[in-house]
Every structure is written in C-alpha cells, then in structure tokens.
*Asks:* 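One structure is given below, represented as structure tokens, and several questions about it will come after.
Hydrogens, waters and symmetry mates are skipped; everything else that's a heavy atom, side chains included, is used. Chain letters run A, B, ... following the sequence lines, proteins first, then strands; residues in each count from 1. The structure displayed is predicted, hence computed values, not measured ones.
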Amino acid sequence: MNRPGPFQNRFDRLLKWGLSLGLLALLPACLASPTNQVSGFRCSGSWFIPPSFHGNPWSQGGDGTHLAFVYEPLFLYLPDSQTYLPQLGLSYKISGKRLDIKLRPEARWHDGRPFTSQDVKSSFLIYWLQGWGGRLKKIETPDPHTVQFEWHEAVGPLEIRQVLGRRIQAAAHLFGQWSKPAESLLHTAQQTLGADRRYSQAQQRFYENLQLKKNDLLQAAYALRPPEPIGTNAYRVSKVTSSELVLKRSPHSWHKAARVQEVRILRGSTNDVMWAYLLGGDIDASHATTPPDVAQQIQRLNPRVKLFHLPDFANFGYVFNFRKPPLGDRVFRQALARLLDRDRLRMVGSYYSLTSDSQQLPLMQSDASHWVSPELKAGLLSYHYQPKQAFQALSTAGYTRNSQGQWLTPQGQKIALEIAVIAGYSDWVLASEAVAAELSHMGIPTQVRTYDAALYHQLLRQGQIDLAAAFGFDYRQLMHPGVSLDRLFSQGGYLGMAAGLPVRLTGRKGRPLALQERVETVVGSADANAARAAAEDLLWLANQQLPFLAIYEKRISVFALEGERVRGWPQGDDPIWSLSSTSIDTVYAYLLSSGRLVPSGPS
Amino acid sequence: MNTETSPPLVKLTAVDIRFGLADGRVLQAGHQLNLSIHAGDMIAVIGESGCGKSTLGKVVLGLLAPSAGSVEIAGQNVWARGYRWPKAQRLAIQAIHQDPFSSLNPVRTLAQILSPGLKYHSQTQGREAIRLQVHELLNAVGLTPSERFIDKYPFQLSGGQKQRVAIARATLLSPRLIVADEPVAAVDSSLRLAILDLMKGCNREQGTAFLYITHDLATARYFAPEGQLVVMYLGRMVETGQIEACIQRPAHPYLQALLAAIPGSATARSDGELPLRSLEMPSPIDPPSGCVFHPRCPYAVLRCEQEAPQLRSLSPGHSVACHLATAEVTMEKGQGP
Amino acid sequence: MSAFKHSLQLLRQNVFWEVLRHNRRAALGLFLLLGFACMATVGPLLFQLETRSDYLLRFQAPSWAHWLGTDYAGRDTLAQLVHGSRDIITIAFSSALITLLLALLVGTLAGLLGGRLDQWLMRIIDIFLTLPRFPIMAIMAGLFSIQDPFSFGFVLALFYWPGLARGIRSQILTLRSKDFIEICQLMALPLRHVIFAELMPNIVPYLAINFINVARDAIVASVGIMLLGIVPLSASNWGMMLNLAATQTGAIYVPEAYPYLLAPIACIVLFQFALMAFAGGLEEFFDPRLRG
Amino acid sequence: MKKIQLTAWQNKLLSGLLTILAATLISFVLIRLMPGDFLELRASELVQQQGLPYATAYKIASTQYQYDPSVPVWQQFFNYLSGLLQGNLGTSMTLRIPVSTVIWQALPWTLFLSVISLALSFSMGISLGILAAWYRRKRWFEALVNGLSVFSQAIPDFLIGLLLLVFLGVRLRWFPLRGAYDISTDPGFNLPFLLSALQHAILPALAFTLASVGGWILAMRAAALQVLSEDYIQVARAKGLKQRRIFVRYLARNAIMPPVNALAIAFASMISGSIFVEWMFAYPGIGYFFGYAIGNRDFTLLQGILLVATVTMVLANMVADAIATWIDPRIDSGLGK
C-alpha cells in the first residue's frame, strides 16, 4: 500500500513546526553552561524562605547559615589549642564573680556606627530574656570599650565560654528599647530571687510570672524588622531567594583583610543534594557524611575537590527507654552493648567517624583524659564486642531462648525491639538498619521506624519508643561535657526524659546520687575540683547504667574546592578547623574574613 | 376461543400513563387505553415509534403502574393496594423483546439463559433433567442440533437464532400470554416469516395469546390475519378492529396514511407520498389540543382542533376515534370522509 | 461468590488455556506474575537474607556469590530483592482487594437501590475524587503511622474505592436497564439470582481489569511515598531499597552500585508490565465476546 | 412554594462549591488528626534553649505561633472559612508569612514544569497515536509505538526521573542535577536566567513526559481507530479523496477530540501529582513546599496547598465538561439521567 505520507499539509506543517520549534528551544538550554563563575565563595546551607526571611537575627525568620558571615562573637574558641581568637573582644579577665572584657575599638556596625559596650550589653540582655544566665547579677559598661559581667557567685568555665563565644547580634541603637526594660527586669529578678537555688512558693510564682514578662519583651524584640541588613562581620545580606542567599562584602567592617567580595549560600540539606552540588562544581565547600567510594567518585569527577575529616563534637547512638521492659533491666542493656560490633556499624553509618570507646562515657574520646581520673577508670565497666559473654550474662539473669532462637524475658515474654530514627538523617538510618539486622540475627527481632522530626520529638518526650537514635554528647559551641551530662541526667534533660531516668540513682559509693545537684555542680561550679568530682560521679553512672549506647563519635567530611573560585584552604591538621565546634560555617566565615581564603584569580 | 365465562387474561380500563420529567413537565405516554386480552387472542398493536405502543406492552406485562385507570389480570386489579401477585399468574405472562443484544445476557450460555426459569419454577429438577429439557426447547424452536447450540454464547448466534432463543425462553413456562415487542425488527427480512411462524405455532398448539407490537403493518397482517388490530397514535388508541376489516376499510386518516405507504394496499398512492400534512410527529410532552392527529390530518376541520374524539364503534368490533369517520363511507383513493 | 463459581466454570471449560494460547502477551504476563509469586513465597526459603552488614563488601559487582552484587552494607542485593517482593505484593493486592470489596458494596448498592441513597453516595464519591490524591495519601500515611503492609494497603484503598465504585454503579445502571433483567422480573427469579448470576458475571471483566489497575496504582503510590520517606516502614522492600539507594547511600554516584539501584526499579517495571499484560488476558477470559 | 430552577451551569457551579467546601472540611480534619505537632517541636526547642518547664514552653510556643490546639476543631474550621471568604488563606504557621505568598511563589515553577511536560507528552502522544492507527499495518512502527507506550505505562514518573538523574545527570553530566535555575543567574526576565531555568526543567519535564506519553498514545490510537471504523471514512475513501486529506480532515480532526477533552483533568492532576518528581529534583514547586509543610506540620500551609489542588481539580472537571458539551452538544450536562 503506497500512501503519500501525511506530513505534507497544513495540519502537519503546524505540527512539524511546533515540534521543531520546541526542539530548537531546548537546544540552547542543553548548550547553556553556567556562564558567570567570577568572584565569590559558595557553600550550602539553609535559611527561611522569603518573604518570611527578615533581618532580625533573633527570631526565626532571621535565623540561618548566613549568621556566621554577618555576626561574630567577642572571641572564637579553638578547642584544639584551647585558645581564644580575639574578634570583637580584645582581651578578657576573670576575677572571682566578675568578668571584664576589653572591646576592639575599630569594630563598626554595618552602617559605620562604632561598636560599643552598649551593644554587648544589649545582646546579652536579650540572651538573658531567652533563658541564658540564670545566676547573672548585672552587666555594666564603664566605658564604650569595656564591659563587665557579674554573677551571684563565681561561675565555671562553661558560663565564661558562653559569654565570650556568643554572637553579638543586638545593636543597641536597634534593640535598646527592649534591652533597657530587660535590664530593669533583671534587676528586680535578682533582688527578689537573690542567690537562692531553691525558691519559696512566692518566689516560684514570681519566677513563672517573670518568665511570661520576659517572653512578652522577647516577642516585641522578635517583631523588629530592621530596614537594612545589619551586622559587624565582613559580609552583609544582599539578596535572598528560596534557593540562594547572597552576601556582599560589608564596607564598614573592621575585617580589612577579607578579599572575597561575595558569598553565595545554596539551599542544601540532605547529603545527596550536596553531593550533586559538589559534582557539578557548584559549591566551594560542603559537609556531608560520605562513604569513601562516593568521596572517590566525587574526587575523580572533580579533581579540585579536597577532602578533610573533622571532628563533629558529637557522638551518635541510642537512648534506651527504661520504662519499657526489658530495657529497664541493666543486665539487658549491658548485654545489648556487648552484642553489637560497633566498629562494623560505624563503617556502614559513617565511615570516617571514630568508633565509640568501650567505656561508653558521654565525653569526647580526646577529652576523656581530662575528666577521667585513673582511679575512676579502674572502676569502669568495659563494653567490648563479646557476644558470647553477653549471651551468658543474659542466661544467668534468667533470659532464655525459644526454639526459633528468639530471646525471652525471665518472665517468658518474647523480646522484640523497635528503633526510632528521624527520617532523612541518612547515617542514622543506615546505622540503625545495620543495628536492627545485627540484633535480629542475635535472636532479638528488631525493626527500624523512621519518623519525621515533628513526630519523633513527641514520641521521645512521651517515652513511647524502645530505642531512639540520638546524639549522645553534643559538645557544640561550649566544648564541655557538662552539656551532655545535663542532657542526660538533669530533670527535663532531653535524653534523660526520653530514657525516663529516675531522679535518684545509686552512685559510686553505694549512696543515692541527687542527679540534678550533681549536674549543676558540673555545669556551674567555679571550683574545678568540685566540678570534676561531680562529673566523675555522673560519668561512672553513665558507664554502669548505660542509659545511652554510643556507636560512633561523629566526624564530618568537608569537601573543599581549591582553586575553582577561591584558594588558600588550610592543611587538614590546622587547629583552625576545630572552629567547627561552633559550626562549620564559622570556619568558612573566619577563613574569609581573616583573608586566608582569597579569590583564585590569576596570581 | 373467547369464552365469556372466564375473565380476560388482561383487561385495561381507561388507563392513563404519565411520566414526570426532571424539569417538571409531564410526558403522556398513554391516554384512555382500553383493551381486553383473552386466552388465545392474537392482537397486533401498530404505530410509529414513540406512539406509546411499547408502553402499552409494559402495562400489559404488569411492569408499569398506570397513572389512572385499572389493570386487571385474571380478573384481579393488580395495582390495588396490598395486592400480592400469585406467582402462577405472574409467570403466565412473558415477553419477547426487540433487541436480542439487550434481552439475552451476553456472558451466559444458552443453557444458562434457559435453565433458571426451569430451575426455579418447574417440576424438572436436577442438573441433568434441566439440561435435557433445554435441549428439547432448543429443538422446539428450531435450533438443531441442539448440542451445537446449548453451550454457545449469544454473540455466537445470528439475529434470527437469538430471537429463537428468546422465544424458547418466553415459552418455557407455558405462559398464557406473550407480549412480543417488535420481535422481528432486528431480524433479516428473509428470516422474519420463520420467526413469526414459530410464534404462530405456539398460538396454534398451546393456545398462547399474543400481543404483537410492531410498526410494520405487513408483518402484523401476516402474524394475525384473524386477530385484532390496535392502531396507536401519540399514546391514544385511534382505531381497533378485526385486522382484515381494518385494512380493507381503514376508518382513521392515520391508518389510511399508514396503509398508503404499503404498495398494493387499498389506499396505496401511486406517487408514494403519504397523505399527511406534516411528516413530523408532535411531542408527547405537549400534545396538540383536540384531536392529537389534527396537525397532520389532511381532513382536519375546526372541531378537530377543539374537541378530542372518543373511540366509538363504527361497526361491531371496529371502533375509531375520529369525528369525521363514518361506517358507510369507504375510503377511496385520495377522497375525504 | 457466584463470580467465583463463574470463573471456576470457565476454568473447567479450558477457556483459560485457550486465551493464553493465542494471547502471548497475557501468557508472558502470567508467567512473570507466577515468577513474582514464587519469589515472594518460595524465594525467601531459597535465598537466605544475610542480615549482617559488612562494609568491606559494599557495592560489589555481580558475581557467583552475589548474583546482583551487594548493597551499601555488603549484603546480597538479590536476597533483599526476593525478600522485599513480599511487602510490595502484599500492599498491591491488599489495597486492590479492599478497594474492590468497598467499591463493589457501595457501587452495587447505589446502582441497584438508586434514589436518595444513590445521590448521597455519589456526592460523597465526588468529594473523594476531588481531593488531591497523593498529598492526602501522604497525610494519611502519617496519620495512621503505618507499621505493616496491610494497613498501608488499607490506606491506599481508602482513595481508590470511590473511582471504582462510581464505575461499578454506572455499569450496574446500564445493565439494570437491559431487557434480560426485565425478563428475570417476569420470570420471578429471586434477587440473589439477578445480582449474582445475571449482573455480576457481566461486571467481572471490569472488576478484574480494575483490580489490576488498582494494584498497579498502589505499587506506584506506595513506592513513591516510601521514596519520600514518610512511612515508617522497615527497609526490606523495594520502595525502601530505592529510598536508601537513591537518597541515603550515594548509590547514584557510584557505578558499582548500579545493580543495587537498578534491581528494584527493574522489578517494579517488570511487575507493572506483568500486571498490565495479564490484565488483557484476564479481560478476555471473563468476557466471552472478546474471545469470539 | 415555587421551586427555584437553576440552569445547568449554575447547578454545576453550586455543586462544585459544595464539593470544595466538603473536601476542605475533610482535609482540615485529617490534617489536624495527624500525629506530631509543630508546637511540640518548638516547645522542645524552648525547653532545651531556655530551660523552661515543658508546659510553659508549650504555652509560649502557642502564643508565638498564634495557634491554640485546645480550640475545638469545628471552631478552627469556621475561623478558617471566614478567613477564606475574605480571600485570606491564613498565615503559614512555621514560615510566618501569608500562605498565599508561598503558593504564588511556588505555583509558577509547578505550572512551568506542568505546561512543558504536558505540551511535550501530549504532542508526542497524539502524533504517535494517530500515526500508529494510520500505519497500523506497518509492523515495525506498531512494535515501536507499542513498546514505548508499554514502557511508559509500566514505569512511574519518579523512577524515570531517578534514571534520568543517574544517567543523563551524574554519568553524562549533560544536565544539572537539582534545583530550578543556576544561582549565578539573576532571576527575572533575562536570557541567561530563562535558559538556565529551561535547562534545569528538562530532566523533570522529561520524567513526566515519558511517564505520561503512553497514556496519550493509547487514548489517541483508540480514538483514531474508532474514527477509522466510522462510515464517513469509508465514504471518503470510496469517493477517492486523497489520503492526506482523509488523514487531516476526517481522521485527525475527529480523533483528537477525546484526548483534548482529557487534557484539563491531566493538567489538574499534575498540580498535586508532581510531589515525587519535584522532590527528587529539589524543584521548588508546589510539591516541594508540600513536602516541607508535611515535615514541619505546617497546618495552614498544608491546608492552602490542598485547597489549591482541590479547586484546580473542580475547575478542571468543569472545563472538561464544557469542552465535552462544546464538542458534542448532545451531551447536555444539566439533564442527567
């Protein structure tokens, strides 16, 4: 049959033209390559989607990755060298209950106004409204470049570190109308509540009332919408869209050395998105938990990528819910710890991390020697991978196995566990899958359930989980084990609440231990020895009771692109990397503003 | 066969049928219908499509309740409140439909189509016995050899064969009346006579009465040469009478027009044109005033527009609803009454 | 019930093999479906699920030991695929079955009874059909915090029944106006005969096709929702395998991981194809007119 | 009492509004029944940050977000409705900006993607479909089209997206992997930005296109085969009309109507069906924000997105009805039954 093809008439011409035009339109799109790759530094991060984004750093819409490039603290703490890098502050002096800080005179706000002690005071009063500084007495500003903090009693290093390390975000000329009433509120509060730790009923009522008043002030301060971008650091916000946030060099900043003119932050949250950016050479720095083969592929496809493995100052593991039998049984928890080969789990979840030590202390391993005395160490239990002994311990405690090999409680109930994980935290999910597989293999059928964050926190608080994946210690920003002990042992502590720990537990010397009081001593005491003794008590307890089973101490992989847009990345062992204890963005911000990272133009 | 002593099988008295439409208007499908069907009767109902003849069939079958008037079956008003229809009487009236695609379940084999009636209502019980009887039935309606047909599906049969199945099903419980609604309209004309013969045989051998509904006067004449004719127009009976008498002496102009369309009939016109003023049938929703036929009637006078004619007797057994028709005047070609 | 009898009868008449003999595609579909059924039932006995992870064996290329290579934690991909088939098949068939039952009930009631009830049911169905399906499914998945494939199937079924019920209703309405139903009335045949012997066999082909369509839709929706990571369902099924491969382990960046990434995709596509192909044969099987 | 008579379209509009209202109520209740609570999330943050007792933190969070969960759901619903009547979709609970703003920002991207992919898949589908019907005796062509449509129907859009991402994105590096445009361009009406937007849209649009082209092919082929079997095609052939004239005047024009009719619904379902693909490509459209809203339990945003999807669906149904009536006036959508 020989039909003339239908492509010969008006209808078909229309179709033909339509299709060819469509293809033609697609062609340049295929050819179009990212054209403008000039100055600037790019990293990934998150912020609020405009127009909910605003320039008030205190309330939610102003929060985001960009803050590290826009604001700075008085000092940056370097855990590696245990030193402070002066930023807005020049020097500080601790004398008893007082802390005196000298400020950098050449520091300026975004608009060129000089940076003064009023700004520091204003910022910390807002922090106080937010709940910081429970035992603070007053903040004084004898002159524009000096600020004095005074507490009811001598405070520990943790409090000092908070003052020195928090970002100064409340310019007095913008936030003064709320920080001034806050100051008078602080005054009344310290007169009424005084130095007491235990409140009378009247004081308790006053305290709750105070909280509401503080909240009112805070809400008013949150409502401020600054007319222009503010900040003291080298960059200021210039453009915000839902997919990118652009920062430009701030003209009045005291960071004269900063040479990179522009910082672009791309929205990126999950690992796979960041890998995609890296592969495309779209960003200069990214951190993502990455297995070695993916890292290799990325480096193969883009040879300019440098890879650094940095401590993340947090460990990952599982909190046990004491309310759920048999997890309430110490023997069972200890057996679980010995059933899991944490080294193998670590490789699956986060290859470059460090396997958690066998003592299961809520401390960084590098920090352990500082907090654990030899005599404490001698009394600690060890949780090596030793399944045989674990099985034996279970049998001794009355646990049995049925014909299918499933473990039964001494009461004869079948044991089956569930691990709750936040969806989207991929290394948590992967490690948990591996844990579940391992436990199931050992005769304890275990399933992983992923919940989104909203539901996860609710379940955790209500104690509805068996095992919940979480960060055990989280040193971020303060570099002190008090933080993690507080999370674990104090009343209302996040992990302790999830575990359902009792208020008192039997301590090292066979005496009941008041957990709250011990935590407060670790966190607040200026007496280093007292703090250490209290810490030892709690560390011992963590080791014995095992409310939290740590799998690995997290390290993040930072991929940096050398020579694409910027150059000058420090060596891997440079202590400056340990600024990442605050946040990895702080490292980038410091390297840029101090002029260590420079544009990679023709040199 | 008419026996004056026993009540008629079906008796319609002054039956009106109206349907309410969604928009509130009323469609009148039947008006002042009177009809008695006795055992063994052969009655042909004729009319254009939409004239209400199928509706009449449904009323006779007892499927449709009249809006006014009474329907008596075996002397009982079946739509009286609280009346429960005895099964034997219900089964005494069966139907043959026009469209075998709709009347035969397409996914059932002939055996499956024919056996449920036997299974539920006859003495024949047991799978084998029923199947045997289905064979007999198929043979009886001429689907031989029955082995070739019994497990076939309707779509595997021709139109005529399908109607044979329909006849087999209608006769299977030996009813006393079968309403056959255009049973040969969908059948090839070459096969029509055979189907009609089959039904006639039924009447002859078992005395089954037939209400034969059609638009085709020729088949009506063939089917019931001795029977009664009912001519319907727009829901009204316009002429009834012995079929040959009616054809020889059509009294109503409508019947005259119908006859005019048949070549060789008494009133056939040589030019083939229908002696009508208009070819369009008025809507039954809003029927014309007076005599509903007047807009198309070539003889209409003023009275026809104002006054509706009643069915009146012209001669014994021959009635007509026309103001102008008289018994004496025999219609001649092209001549008015 | 009678539809079941009806099918048995057809099977007795060897109609099934007739259909398969000349409909090659349906035969292939059936073959694949049987393969998947074996995979879900017998498969787990043949392929031991090596649960323990060994990082050193991560993303191995296919070999004699591991026919489809290994996953991100060095476990056999094939074994996971085999064990994971069970959940998907359960979800697909439980949702299709529940949908069918619900729709049949509602559609038949609405079609047969008509009147007010019909109007109300249709209104409700209209509303259901207007709800954006995937978003509401995602919300429902969160709402029920689904723990097992059956309840997953149930949640999906909640969204599939209205469409099918409406279809069944209109089928019933069409059938109800057919003359053979009138004949049944004239023959004073009991209602159960009318419904189960006259009506149902007519809509069985429609039901069969829609059973398969719902099953196919359910697979797509469930895999999609798992890929989004909304459902806290455990990892041993194709959807979760894909979730892990595509978004959490970097498998899309590592060529060695392609067998692991592509295996569940291939299985889903094949399963979908098998269902589609078999549906054609099933329709023929139930509808004598198509066999003619 | 006089019954108010509505025209068909008024009736449609009214029932559309009622449907939207009911659908809104259902989704409202469903959303609020979801476990997990953004106040919970915020309160736990406050507990950790400020060391407040949980109850106080919850109260503070509640005032911050201006959401009081203790208000009964029906009351919340009526508040929401009264807002809606004033054209106010409410304020996003977590983003603290009007929901309408978020939707206006996301909608263009989704529309962009939908229009591109619908145009591609529709034009490809109908061309291939009609050619497949026209050249149905060419084996290789039929096999090709068959293969494409089977593949297209067997694979869901997000899996195609994944495959495209892996092979065209990661392996060949022809296309960018994520996002909607290159960040070094300046969003606005300028060539680099438009080009980069187009470039970023190719993979997701291709995913939609390949997944839906099979449906169009089948629909068009079925419609074309239907048309080819009609009498007028035979007549046209018998008259000896040129093949291409038959193809265009008779086949294409008539066969394209059913697919065109399905276009509106296809478009509407893309608005809410784009979640998976948008998420896969981190494409900032409606689906992406839906993912955000569900993860953060942003009730008002969720509600707003669902409302948009519902309204689109109702509108699309009306458009489809209108097109159907326009094509074939016999379908009077007002007088059902």
*Asks:* Rounded to the nearest 0.5 Å, what separates atom OG1 in D:Thr310 from atom CG in C:Leu131?
*Replies:*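 With rounding to 0.5 Å, OG1 (D:Thr310) is 6.0 Å from CG (C:Leu131).
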*Asks:* Minimum heavy-atom separation for C:Phe273 to D:Ala154, with atom names?
*Replies:*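 Scanning both residues, the minimum pair turns out to be N-CB, 4.0 Å.
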*Asks:* Enter the distance from D:Ser15:OG to C:Met122:CE here, rounded to the nearest 0.5 Å.
*Replies:*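 Rounded to the nearest 0.5 Å, the OG-CE separation comes to 14.0 Å.
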*Asks:* Where on C:Ile124 is there a heavy atom nearer than 4.5 Å to chain D: the side chain, the backbone, both, or neither?
*Replies:*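 It is neither, since no heavy atom gets under 4.5 Å.
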*Asks:* With rounding to the nearest 0.5 angstrom, report the CZ to CD distance, D:Phe151 to C:Gln272.
*Replies:*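 Those atoms lie 11.5 Å apart.
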*Asks:* At a heavy-atom separation under 4.5 Å, does D:Ile155 approach chain C through its side chain, its backbone, both, or neither?
*Replies:*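 Answer is both: backbone and side chain atoms of D:Ile155 are under 4.5 Å from chain C.
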*Asks:* Please report the shortest heavy-atom distance between C:Arg25 and D:Val150, naming the atom on each side.
*Replies:*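 C:Arg25 and D:Val150 have their closest heavy atoms at NH1-CG2, 3.7 Å.
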*Asks:* Which value, rounded to the nearest 0.5 Å, describes the distance between C:Thr130 atom OG1 and D:Leu18 atom CG?
*Replies:*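 So the gap between those two atoms works out to 11.5 Å.
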*Asks:* Below 4.5 Å, heavy-atom pairs only: which of C:Ile225, C:Leu129, C:Asp126 has the largest tally toward chain D?
*Replies:*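 Counting heavy-atom pairs under 4.5 Å, the top option is C:Ile225.
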*Asks:* I need the full list of side-chain hydrogen bond (donor to acceptor under 3.5 Å, both in side chains) pairs touching residues 153-166 of chain D, with sequence neighbours left out, sorted by first then second residue.
*Replies:*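 Qualifying pairs, neighbours excluded: none.
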*Asks:* Could you tell me the separation between the CG atom of C:Leu227 and the CZ atom of D:Phe158, rounded to the nearest 0.5 Å?
*Replies:*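 It comes to 6.0 Å.
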*Asks:* Quick check on the interface: out of C:Phe134, C:Tyr253, C:Phe271, who has the most heavy-atom pairs with chain D under 4.5 Å?
*Replies:*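 Top option by heavy-atom pairs under 4.5 Å: C:Phe134.
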*Asks:* Does D:Leu162 form a side-chain contact (heavy atoms from CB on, under 4.5 Å) with C:Leu261? I'd like the steps, not just the answer.
*Replies:* CA-CA 10 Å; D:Leu162 188 59; C:Leu261 175 69; 4.0 Å; yes
*Asks:* So does C:Phe31 have more than 12 non-hydrogen atoms from other groups sitting under 6.0 Å from CZ?
*Replies:*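 12 or below, so no.
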*Asks:* Side chains of C:Pro135 and D:Ile275: closer than 4.5 Å at any heavy-atom pair?
*Replies:*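 A side-chain contact under 4.5 Å exists here.
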*Asks:* Listed by chain and number, what are the side chain to side chain contact (heavy atoms under 4.5 Å, CB included) partners of D:Ile31, not counting sequence neighbours?
*Replies:*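 By the side chain to side chain contact (heavy atoms under 4.5 Å, CB included) rule, D:Ile31 matches C:Ile139, D:Phe299, D:Leu302, D:Gln303, D:Leu306.
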*Asks:* Could you please state which residues from residues 212-222 of chain C sit under 4.5 angstrom from chain D, measuring non-hydrogen atom to non-hydrogen atom, sorted by number, or 'none'?
*Replies:*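 Hits under 4.5 Å: C:Arg216, C:Val220, C:Ala221.
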*Asks:* At a 4.5 Å cut-off on heavy atoms, which part of D:Ile305 comes close to chain C: side chain, backbone, both, or neither?
*Replies:*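 For D:Ile305, no heavy atom lies under 4.5 Å from chain C.
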*Asks:* Determine which residues belonging to residues 21-30 of chain D lie within contact range of chain C, meaning some heavy atom pair is under 4.5 Å apart, and list them by number or answer 'none'.
*Replies:*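 Near chain C, by residue number: D:Ala22, D:Ala23, D:Ile26, D:Ser27, D:Leu30.
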